[in-house]
Undergrad: 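I have a structure I would like to understand better, so I am pasting it below and will then ask my questions one at a time.
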Number of protein chains: 2
Amino acid sequence: MESRDARTERHTRDGIVDTALALLQRAGLPDLSMRRLAAELGVQPSALYWHFDNKQSLLADIADRIVASAAPVAPSAEPAADVAAAASALRDALLAYRDGAEIVLSTQALGLGSDVAHDRLAGVLAPLAGDDAQSAATVLLQFVLGHASLVQQRIQAARFGAYPAAEAEVVEQTASDFARGVRMLVGGYARG
Amino acid sequence: MESRDARTERHTRDGIVDTALALLQRAGLPDLSMRRLAAELGVQPSALYWHFDNKQSLLADIADRIVASAAPVAPSAEPAADVAAAASALRDALLAYRDGAEIVLSTQALGLGSDVAHDRLAGVLAPLAGDDAQSAATVLLQFVLGHASLVQQRIQAARFGAYPAAEAEVVEQTASDFARGVRMLVGGYARG
DNA sequence: ACCTGAACACCGTTCAAGT
DNA sequence: ACCTGAACACCGTTCAAGT
């Protein structure tokens, strides 16, 4: 009766994050409330506070999932191309989840969540930047998050007709700006 | 009795924004509620909705004030230095107001607020980037906003002891990352 | 270990009505 | 032109108590 296996585990942290991600995709960040998430799980709002200290902790877990969903980049013979690919993969992951960029940006800023985004960029930057790879990764990450946040909110605005462009258009148009920014940032290191 | 001069004007948009900015500095964005702002003005919350369509419009006005507070940069003989100075001035303005970066970022992203930030950067970039000045300004602005948002939230975290560094330290340490990022971005154009 | 029930102290926004 | 009063439909979080 008092065994240590999780017999009667009704909800787990990971399971709650699953549901939260689904709700995020359906309703967006403004409607991702603790109360609505609880209702979705068939549970009282207060039940969530057994699993998470507060809403920010839940968002940190969500941010980690989004970042982890970025496709990994296998090292090739062209380091600059690897950096561009890693940055694009991160951008794609952020844009794939509704309000993903904003969630990751604020989590990162608060010092919560993991460092995998930063570490992955530092990894592909190492061949180019050497000892400067850490701070180069910081700079690149800031650009990616700033860019993706702007693009994503512009997409949201487009949904409500507040901004005159369809979603696909926005993503496409801004892709060239993004590529240019990454090229500029990488160019400095590529020249040594 | 029905003259067109503003005899009995109790509150104006600009006056409300003044009070909102003061409240922002004292209490921060999370505590900048329409209800609290109304109380500060000695007025019912609903009164604010005669002056502003909604909270986002108020924030857009606040964002414009913050951006406008950036020191202007007089054109010199060294365009690259002008760009660096303009970017720094914008960063300083964003960091001077509590949660300034976040407010400007989200306003910009929603397509609200003015374009003076973008236009100023495009202006100093013109000698270097020529026809590409517009998109170069977009890229640079995204980096500045991403950088400042990260730095600022990290400062907020420091206030609550959640992040192990004093405010001045954070601003100083990150200044070199910022300068590096700007140099990288500008370097691409400086070479033609 | 995991959740309920009830409460506390708040939000943004609308709208008829007042002056 | 500018504001009040009252309401609607919500929030995040805490905490004793239940199983």
Side-chain angles (χ1 to χ4, degrees), chain A residues 1-20 23-24 26-63 99 102-103 106-107 110 112 156 160 162, chain B residues 1-20 23-24 26-63 99 102-103 106-107 110 112 156 160 162:
Chain A
M1 290 294 189
E2 290 157 47
S3 59
R4 290 168 65 209
D5 51 313
R7 291 182 302 97
T8 52
E9 200 171 57
R10 286 174 263 184
H11 285 114
T12 106
R13 253 181 106 96
D14 278 354
I16 292 170
V17 175
D18 286 339
T19 305
L23 179 55
L24 177 67
R26 260 204 338 278
L29 183 57
D31 285 333
L32 178 55
S33 67
M34 297 298 266
R35 302 181 97 103
R36 183 146 172 204
L37 176 57
E40 206 88 5
L41 292 162
V43 112
Q44 294 293 320
S46 50
L48 295 174
Y49 290 85
W50 192 90
H51 297 279
F52 298 92
D53 279 352
N54 46 44
K55 188 177 182 179
Q56 194 54 247
S57 311
L58 170 65
L59 290 172
D61 276 23
I62 292 176
D99 299 312
E102 188 182 339
I103 293 172
S106 71
T107 297
L110 289 169
L112 303 176
Q156 283 302 108
F160 288 84
Chain B
M1 290 293 190
E2 289 157 46
S3 59
R4 291 167 67 209
D5 51 314
R7 292 182 302 98
T8 53
E9 201 171 57
R10 285 175 265 185
H11 285 114
T12 102
R13 252 180 105 98
D14 278 355
I16 291 169
V17 174
D18 286 339
T19 305
L23 179 55
L24 177 67
R26 260 202 340 277
L29 183 57
D31 285 334
L32 177 55
S33 67
M34 296 298 266
R35 301 181 97 104
R36 183 145 172 207
L37 175 57
E40 205 88 5
L41 292 161
V43 112
Q44 293 294 320
S46 48
L48 295 174
Y49 290 85
W50 192 90
H51 297 279
F52 299 92
D53 279 352
N54 45 46
K55 188 177 183 179
Q56 194 54 248
S57 312
L58 169 66
L59 289 173
D61 276 23
I62 292 176
D99 298 313
E102 187 181 340
I103 294 172
S106 71
T107 297
L110 290 169
L112 303 175
Q156 282 302 108
F160 289 85

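Chain letters run A, B, ... following the sequence lines, proteins first and then strands; every chain starts at 1.
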Undergrad: Quick one: B/W50 CH2 to D/dC3 C1', roughly how many Å, whole number?
TA: 10 Å
Undergrad: Side-chain contact, heavy-atom cut-off 4.5 Å: A/P45 with A/R35?
TA: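 Contact flag for A/P45/A/R35 side chains = yes.
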Undergrad: Would you tabulate the pairs of protein nitrogen or oxygen atoms and nucleotide nitrogen or oxygen atoms of nucleotides 12-15 of chain C closer than 3.5 angstrom?
TA:
from	atom 1	to	atom 2	distance (Å)
C/dG12	OP1	B/M34	N	3.3
C/dG12	OP1	B/K55	NZ	2.9
C/dG12	OP2	B/M34	N	2.9
C/dG12	OP2	B/R35	N	3.4
C/dG12	N7	B/R35	NH1	2.6
C/dG12	O6	B/R35	NH1	2.8
C/dT13	OP2	B/Y49	OH	2.8
C/dT13	OP2	B/K55	N	2.9
C/dT13	O5'	B/Y49	OH	3.4

Undergrad: Do A/L59 and A/L29 touch side chain to side chain, with heavy atoms closer than 4.5 Å?
TA: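 Counting from C-beta outward, A/L59 and A/L29 do come under 4.5 Å.
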Undergrad: Test: salt bridge (Lys or Arg N to Asp or Glu O under 4.0 Å). Region: residues 51-60 of chain A. Which pairs qualify, not counting sequence neighbours?
TA: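 Applying salt bridge (Lys or Arg N to Asp or Glu O under 4.0 Å) to every pair that reaches into residues 51-60 of chain A, excluding sequence neighbours, yields nothing.
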Undergrad: When the P atoms of D/dC10 and C/dA9 are compared, how many Å lie between them, rounded to an integer?
TA: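 It comes out at 22 Å once rounded to the nearest Å.
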Undergrad: For A/R13 and A/H51, indicate whether the former's side chain and the latter's backbone hold a donor-acceptor pair under 3.5 Å.
TA: yes
Undergrad: Taking CG from A/L48 and C1' from C/dG5, how many angstroms apart are they, rounded to a whole number?
TA: 15 Å
Undergrad: Tell me the stems DNA chain D sits in, counting at least three consecutive Watson-Crick or G-U wobble pairs, each under 3.5 Å on both distances.
TA: C:4-8 with D:12-16, C:12-16 with D:4-8
Undergrad: Show the numbers, then the answer: is there a side-chain contact (heavy atoms from CB on, under 4.5 Å) between A/M34 and A/Y49?
TA: CA-CA 9 Å; A/M34 297 298 266; A/Y49 290 85; 3.7 Å; yes
Undergrad: Determine: side-chain N/O of B/H11 to OP1/OP2 of D/dC3, distance under 4.0 Å, yes or no.
TA: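 Yes, B/H11 has a side-chain N/O under 4.0 Å of OP1/OP2 on D/dC3.
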Undergrad: Within the side chain of A/D99, is there an N or O that forms a donor-acceptor pair under 3.5 Å with the backbone of A/G28?
TA: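 No.
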Undergrad: Select one nucleotide: of D/dG5, C/dT4, D/dC3, the one nearest the side-chain heavy atoms of A/Q44.
TA: C/dT4
Undergrad: Taking the side chain as every heavy atom from C-beta outward, state whether A/I16 and A/L37 have any atom pair closer than 4.5 Å.
TA: yes
Undergrad: Whether the side chain of A/N54 engages the backbone of A/S57 through a donor-acceptor N/O pair (distance < 3.5 Å, no angle test) should be reported.
TA: yes
Undergrad: Counting just side-chain N and O atoms, does A/H51 come under 4.0 Å of either OP1 or OP2 of C/dC3?
TA: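 Yes, A/H51 has a side-chain N/O under 4.0 Å of OP1/OP2 on C/dC3.
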